[in-house]
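A quick note: this is a predicted structure, and the numbers were derived from the prediction, not measured.
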Amino acid sequence: MPLGDAMMTQRAVRRVLPDPVDDAVVLKCIELALRAPTGANGQNWEFVVVKDQRSKDKLARRYRQAWWIYHNAMIRRVAARDESMAKITRAVQWQVDHFAEIPVLVVACLRLGVRDGKLPLVPLPHAAESGYYGSIYPSVQNLLLAARAMGLGASLITLPLWSVTSARRALGLPHSVTPCCVVPLGWPRGRYGPTTRRPVGEVTHLDTYGNRPWRDT
């Protein structure tokens, strides 16, 4: 699939079949993820492919708990008056309800902020913290695009990692490895299609915020 076509039709696909996904397909997606740049070429990423039912059950339990809080605190009232948000909410609810049935979960992690095996004692400056996390998300985007090109359904979620301690325990992660997000993979129940986005001129500013010379283009 041409890269432009993959980008123009990429979207979060949350409803997937429970059918197995071949390991070679998953590993190819991760191989393409590894082609992304990282800060100082650190390549400080780790990917945990979760297929074990007990591990999926543990992450699913945390996902349900976090979604219940997030949905009731913020999303439910917005969805009640916004149909587009209501549609997204229904898709997320489906994913929450069927999370343990998804065939593959890829947990993208970083060896984050560790010196000599110890975590830093003081918060990192914003630029440094942003730089660290900037080393994982380009690779995750590569993973999502690879999944799209292969016809897999995929999405980027973080709520199953609401409790980092619980996630580390479920995945056997040392303290030197931080889980950043989860990418569920499966063959889609629906179809990909063109996405609807705001015009580029509405979100692009020149030199200072609010100066939108391309608004009408």
Side-chain angles (χ1 to χ4, degrees), residues 6-21 25-26 29 33 47-109 133 136-137 140-171 173 178-198:
M7 289 180 169
M8 291 297 288
T9 59
Q10 182 190 26
R11 62 182 177 87
V13 176
R14 297 181 175 89
R15 296 183 176 94
V16 297
L17 299 168
D19 303 2
V21 178
V25 176
V26 177
C29 288
F47 295 88
V48 182
V49 177
V50 181
K51 299 170 67 177
D52 176 71
Q53 192 60 54
R54 289 174 298 178
S55 298
K56 288 195 288 185
D57 289 340
K58 291 176 182 178
L59 292 174
R61 190 177 308 117
R62 292 302 183 189
Y63 194 6
R64 286 194 300 271
Q65 293 170 343
W67 173 245
W68 187 88
I69 295 170
Y70 184 56
H71 179 260
N72 285 288
M74 299 178 60
I75 301 300
R76 184 170 59 181
R77 284 173 290 182
V78 177
R81 60 178 184 270
D82 184 337
E83 178 53 33
S84 64
M85 179 59 72
K87 183 178 180 181
I88 294 172
T89 299
R90 290 191 293 269
V92 174
Q93 187 64 61
W94 188 97
Q95 187 180 63
V96 170
D97 294 339
H98 298 272
F99 194 68
E101 303 165 18
I102 295 173
V104 178
L105 308 174
V106 179
V107 184
C109 308
Y133 283 103
I136 193 65
Y137 283 109
V140 172
Q141 175 65 357
N142 271 18
L143 176 61
L144 293 169
L145 286 171
R148 170 66 192 100
M150 296 180 190
L152 282 170
S155 59
L156 189 163
I157 57 176
T158 56
L159 286 180
L161 307 177
W162 187 275
S163 169
V164 176
T165 300
S166 177
R168 282 202 174 100
R169 189 180 301 119
L171 301 171
L173 297 176
T178 299
C180 299
C181 66
V182 182
V183 178
L185 294 176
W187 302 111
R189 290 178 177 268
R191 295 180 296 174
Y192 278 101
T195 53
T196 301
R197 295 291 186 265
R198 294 168 61 188

Colleague: Closest heavy-atom contact between P179 and A167?
Modeller: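 For P179 and A167, the tightest heavy-atom pair comes out as CG-CB, 4.2 Å.
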
Colleague: How many angstroms lie between atom CG of L159 and atom CG of L59, to the nearest 0.5 angstrom?
Modeller: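 Going from CG on L159 over to CG on L59, the span is 12.0 Å.
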
Colleague: At what distance, to the nearest 0.5 angstrom, does CD1 of I88 lie from CZ of R14?
Modeller: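 With rounding to 0.5 Å, CD1 (I88) is 6.5 Å from CZ (R14).
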
Colleague: Considering non-hydrogen atoms only, spot the tightest contact between V21 and G186 and give its length.
Modeller: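 Looks like CG2-CA, 4.0 Å.
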
Colleague: Hey, could you give me the CG/CZ distance between L105 and F99, rounded to the nearest 0.5 Å?
Modeller: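 Here the interatomic distance stands at 4.5 Å.
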
Colleague: Of all the heavy-atom pairs spanning G151 and P188, show the shortest one and how long it is.
Modeller: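 It is O-CD, 3.1 Å.
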
Colleague: What pair of heavy atoms forms the shortest contact from T158 to C181, and how long is it?
Modeller: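 Reported closest heavy-atom pair: CG2-CB, 4.0 Å.
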
Colleague: How close do A147 and A154 get, counting heavy atoms only, and between which atoms?
Modeller: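 Where A147 meets A154 most closely, the heavy atoms are CB-CB, 3.9 Å.
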
Colleague: Considering residues at least two apart in sequence or located in another chain, which fulfil the side-chain hydrogen bond (donor to acceptor under 3.5 Å, both in side chains) criterion with D19?
Modeller: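 Counting only residues at least two positions away or on another chain, D19 forms no side-chain hydrogen bond (donor to acceptor under 3.5 Å, both in side chains).
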
Colleague: Quiz question: by atom type and distance under 3.5 Å, do the side chains of R168 and S163 form a donor-acceptor pair?
Modeller: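 No, S163 and R168 have no side-chain donor paired with an acceptor closer than 3.5 Å.
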
Colleague: Going by ring-ring contact (aromatic ring centres under 6.0 Å, His included), name the residues that satisfy it together with W187, two or more places apart in sequence or in a different chain.
Modeller: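 For W187, no residue satisfies ring-ring contact (aromatic ring centres under 6.0 Å, His included) once neighbours in sequence are set aside.
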
Colleague: Can you measure from OG1 (T195) to CE (M7) and round to the nearest 0.5 angstrom?
Modeller: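 If I round to the nearest 0.5 Å, the distance is 11.5 Å.
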
Colleague: What residues form a side-chain hydrogen bond (donor to acceptor under 3.5 Å, both in side chains) with K87, not counting sequence neighbours?
Modeller: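 Partners of K87 by the side-chain hydrogen bond (donor to acceptor under 3.5 Å, both in side chains) criterion come out as none, since no residue qualifies.
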
Colleague: What's the spacing between C180 SG and Y137 OH if we round to 0.5 Å?
Modeller: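 One gets 5.5 Å once the value is rounded to the nearest 0.5 Å.
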
Colleague: To the nearest 0.5 angstrom, please state how far the CG atom of L173 sits from the SG atom of C109.
Modeller: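 If we round to the nearest 0.5 Å, L173:CG and C109:SG are 5.0 Å apart.
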
Colleague: I'd like a table of donor-acceptor pairs (distance under 3.5 Å, sequence neighbours excluded) in which one partner is a side-chain atom from residues 63-71, with atom names and distances.
Modeller:
from, atom 1, to, atom 2, distance (Å)
Y63, OH, Q95, OE1, 2.7
Q65, OE1, R62, NH1, 2.9
W67, NE1, Q93, OE1, 2.8

Colleague: Find out whether R15 and R90 are in side-chain contact, i.e. whether some heavy atom of one side chain is under 4.5 Å from a heavy atom of the other.
Modeller: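 Yes. Closest side-chain heavy atoms under 4.5 Å.
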
Colleague: So Q10 and L145, do their side chains get closer than 4.5 Å, heavy atoms only?
Modeller: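 Yes, their side chains come closer than 4.5 Å.
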
Colleague: Please lay out, stage by stage, how L185 and V16 fare under the test side chain to side chain contact (heavy atoms under 4.5 Å, CB included).
Modeller: CA-CA 8 Å; L185 294 176; V16 297; over 6 Å; no

Colleague: Tell me every residue that passes side-chain hydrogen bond (donor to acceptor under 3.5 Å, both in side chains) with T9, counting only those two or more places apart in sequence or in another chain.
Modeller: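 For T9 the side-chain hydrogen bond (donor to acceptor under 3.5 Å, both in side chains) partners, ignoring immediate neighbours, are R148.
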
Colleague: Tell me, yes or no, whether the heavy-atom count around R189 atom CZ, taken from other residues, nucleotides or ligands under 6.0 Å, exceeds 12.
Modeller: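 Correct, the count exceeds 12.
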
Colleague: Taking all non-hydrogen atoms of both residues, which atom of C29 and which atom of M150 are closest, and how far apart?
Modeller: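 Residues C29 and M150, closest heavy atoms: SG-SD, 3.8 Å.
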
Colleague: Taking only residues two or more places apart in sequence or in another chain, which ones pass side chain to side chain contact (heavy atoms under 4.5 Å, CB included) with H98?
Modeller: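 H98: side chain to side chain contact (heavy atoms under 4.5 Å, CB included) contacts with W94, E101.
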
